[in-house]
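The next block holds one structure in the form of structure tokens; read it before the comments.
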Amino acid sequence: MTDYNFAYLDEQTKRMIRRAILKGLAIPGYQVPFASREMPMPYGWGTGGVQVSAAVLTPEDTFKVIDQGADDTTNAVSIRTFFERTAGVETTTTTCDASVIQTRHRIPEEPLSEGQILVYQVPIPEPLRFLEPRESETRKMHSLEEYGLMHVKLYEDISRHGHIATSYAYPVKVEGRYVMDPSPIPKFDNPKLGDMAAIQLFGAGREQRIYALPPYTQVVSLDFEDHPFEASKADHPCGMCGAIDSYLDELIIDDTGGRMFVCSDTDFCEARQLAGHKGKDAA
Amino acid sequence: MIEIRNVSKTFTLHNQGSAVIEVINDVSFAVAPGECVALTGASGAGKSTLMRMIYGNYLTQAGEIRIGDVDLVQAAPREVIALRREVLGYVSQFLRVVPRVPTLDVVAEPLRAVGVTAQDAQARAEVLLTQLNIPQRPWSLSPTTFSGGEQQRVNIARGFARHYPAMLLDEPTASLDAANREVVLSLIEDAKARGAAIIGIFHDEAARTRVCDREIDVSRFTPGVAA
Amino acid sequence: MTPLLSVQGISKRYGIHIGCADVSFDLYPGEVMGIVGESGSGKSTLLNCLAGHLAPDEGQVIFDTRADGPRDTLTMSEPERRMLGRTDWAFVHQHARDGLRMGVSAGGNVGERLMAVGERHYGNIRNKATDWLGRVEIDAARVDDRPTTFSGGMQQRLQIARNLVTGPRLVFMDEPTGGLDVSVQARLLDLLRGLVRDMGLSAIIVTHDLAVVRLLADRLMVMKSGHVVEAGLTDQVLDDPQHAYSQLLVSSVLQV
């Protein structure tokens with residue numbers, strides 16, 4: 001192994017983070033403060049997620065990192081390599097083979113199963129921050145369940161755009177109690193948050209908050225009766241694998257306005273291509 | 001209807017060497033429904049002061065002022081307000097209104113306050129304003145833009161908008177021309193005919209003789225300035 | 001008749017300084033009470049104690065709640081008190097920007113209280129907001145504009161609409177016409193008078209402007225150094241003030 005303690009953090013820190021995680025699981029959607037550590041990467045690069053991953057990893061785990069659905073971006077590769085070096089755990093890009101998946105801004109297309117843990121990197125954990133800058137006030141609003149303000153945000157959306165234009169970090173209500181920011185995942189992923197078999201953990205390093213959804217938690221996206229929640233995506237099939245039910249990224253492919261839509265979940269897309277599915281832009 | 005018993009009033013001017021001025025001492029009289037009583041006496045005798053005491057505008061130190069079954073001297077503010085809304089009307093010499101409110105609404109307001117619909121209240125206001133020869137053109141304007149005489153007539157219209165069982169009139173005919181004076185006097189006669197108890201101050205002797213049943217000389221109760 | 005608000009022996013001290021001392025009164029439904037006094041007389045302290053923004057050291061503030069009748073709002077649980085603040089109570093700040101969300105459209109500002117009490121139909125919220133903008137004489141076309149684009153008088157009227165949309169029974173106002181020029185003040189006063197009459201509102205208005213209380217308030221309390229020195233019918237206190245300080249206050253107003 002290396003000169004690092006297993007998974008970089010010292011045991012006391014990991015115990016502190018595990019206590020926060022357990023509290024978060026006990027009170028789904030509640031933001032638990034924790035003593036976030038300096039990590040060997042800048043804030044905004046996933047320090048919250050990395051600390052949560054470090055606290056839950058065991059030597060037997062298989063680890064996967066995705067960034068906007070992709071396994072091969074700089075951020076995903078660096079974090080994967082970080083835990084290969086500091087924890088010596090197996091890594092994979094295959095969703096179903098991973099026991100711990102750290103993610104930035106996506107939920108894998110393939111349904112997760114019991115025994116898996118999904119760790120989200122969270123930039124701003126407070127869903128009410130948009131309209132109420134005072135932390136003391138937002139905490140009170142959570143404790144007293146005063147969530148009218150959340151609908152003011154959605155109201156503003158409709159009044160300005162004619163529909164709820166919030167397309168990511170779409171607020172949800174957990175078990176009829178806490179309003180939660182699901183991190184900047186596209187709202188297409190929102191329906192997957194609820195009733196999920198895997199454990200979902202959310203870590204915000206800079207803001208020093210951890211929150212969690214235990215398996216099979218009820219999660220409801222906020223909306224209006226006459227403007228119901230809609231999980232939207234680009235209205236195209238994937239150019240590479242032809243999938244019609246996956247979340248797509250738009251790629252500009254030349255300087256004459258050419259574009260293609262491809263699955264943002266690279267593992268999902270590759271698996272489909274291997275199985276023989278072909279999109280119209282596939283080589 | 002209006003019963004005044006052993007009423008006295010002093011002013012204490014705290015900021016002028018705590019001078020105490022006795023204005024009225026031990027007044028008693030009563031006004032029956034349908035009766036009009038004039039307060040007389042030289043200027044400064046305390047006619048207006050007594051009138052304001054009966055309206056609850058000035059605080060009464062001693063005695064009893066009964067209007068219907070309410071003793072104004074002991075009544076809580078909200079009882080006085082209810083009394084003024086339901087029972088006791090007052091036509092003062094000066095119009096005091098919120099700027100910008102149309103004349104028609106100024107006149108209709110006492111009716112609106114007791115729950116008359118906007119439409120009915122305005123209809124009544126229109127009748128009164130027409131009677132008092134306020135041209136229709138500025139009804140939608142605030143009376144603050146009107147001449148002194150017009151303002152006074154708007155004030156009279158407002159005072160007579162509702163059929164109060166008791167009324168106080170402070171110089172209602174002062175500075176009116178003959179035609180309007182006649183209108184006001186007939187309004188007073190109508191009020192008496194339907195049983196209103198009225199106390200008034202009239203410098204206009206002819207008017208006083210015409211509408212008043214009795215006179216009370218207030219100077220009899222004025223002790224003058226005490227040392 | 002049960003008073004809507006019964007204030008008993010409210011005192012608030014700031015260290016050795018007196019904020020307000022032993023203030024008691026009853027306010028009945030539909031009554032408007034003015035509180036006047038110079039700066040530092042304790043009128044704003046009193047208002048904030050009554051509205052639950054400050055915790056008084058002594059006393060009771062008993063409000064006749066719709067559900068359970070008279071309750072001391074000071075011993076209520078915080079959620080209950082805050083609920084009251086969103087439903088039956090309203091607070092109009094002197095500076096509109098203290099009472100508005102400046103980053104939210106006029107419609108959103110008015111709709112917030114509706115959403116806070118559970119309204120979840122966008123169309124209904126918007127219709128009610130538009131209706132209320134009309135009632136406070138703001139053009140319905142401005143419903144999606146932010147209050148930053150409004151004049152001072154419009155902002156104040158928007159604040160009033162935002163407060164009254166849930167049909168409160170008691171409105172606290174802290175210098176509602178302060179800082180507005182006189183023509184705008186007159187319009188606002190007229191509007192407030194109409195709303196008070198049409199909605200049967202009770203209100204407590206703190207101001208140092210005697211003209212405002214004469215036009216709006218049925219009753220008046222005069223405060224000096226934290227104490228109520230005189231209380232009574234508004235025109236009686238203004239026309240025949242009894243206490244030395246009230247006499248000074250009334251005689252200090254410039255006649256126009």
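Here is how names work: the chains are called A, B, and so on, in the same order as the sequence lines, proteins then strands, and each is numbered from 1.
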Checking [X] against chain B: side chain, backbone, both or neither under 4.5 Å from a heavy atom?
X	value
C:Glu31	side chain
C:Gln242	both
C:Asp198	side chain
C:Leu215	side chain

For each of C:His243, C:Arg219, C:Gln185, C:Arg214, tally heavy-atom pairs with chain B at distances under 4.5 Å, and name the one with the top tally.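 Between C:His243, C:Arg219, C:Gln185, C:Arg214, the count favours C:Arg214.
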Side chains of B:Arg112 and B:Thr117: donor-acceptor distance under 3.5 Å anywhere?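 No donor-acceptor contact under 3.5 Å links the two side chains.
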Given that the side chain runs from C-beta out, which part of B:Gln61 has a heavy atom under 4.5 Å from chain C: side chain, backbone, both or neither?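 Just the side chain, heavy atoms under 4.5 Å.
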Could you tell me if the ring centre of B:Phe11 sits under 6.0 Å from that of B:Tyr58?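 Yes, close enough.
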Does the cation-pi check pass for B:Arg84 over B:Tyr55, that is, NZ or CZ under 6.0 Å from the six-membered ring centre and within 45° of its axis?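 Flagged: B:Arg84 positioned over aromatic ring of B:Tyr55.
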Please confirm whether B:Arg208 makes a cation-pi placement over B:Phe202, using NZ or CZ under 6.0 Å from the six-membered ring centre and within 45° of the ring normal.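 Cation-pi check for B:Arg208 and B:Phe202: fails.
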Heavy atoms only: give me the nearest B:Ile24-B:Val7 pair and the separation to one decimal.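 B:Ile24 and B:Val7 have their closest heavy atoms at CG2-O, 3.8 Å.
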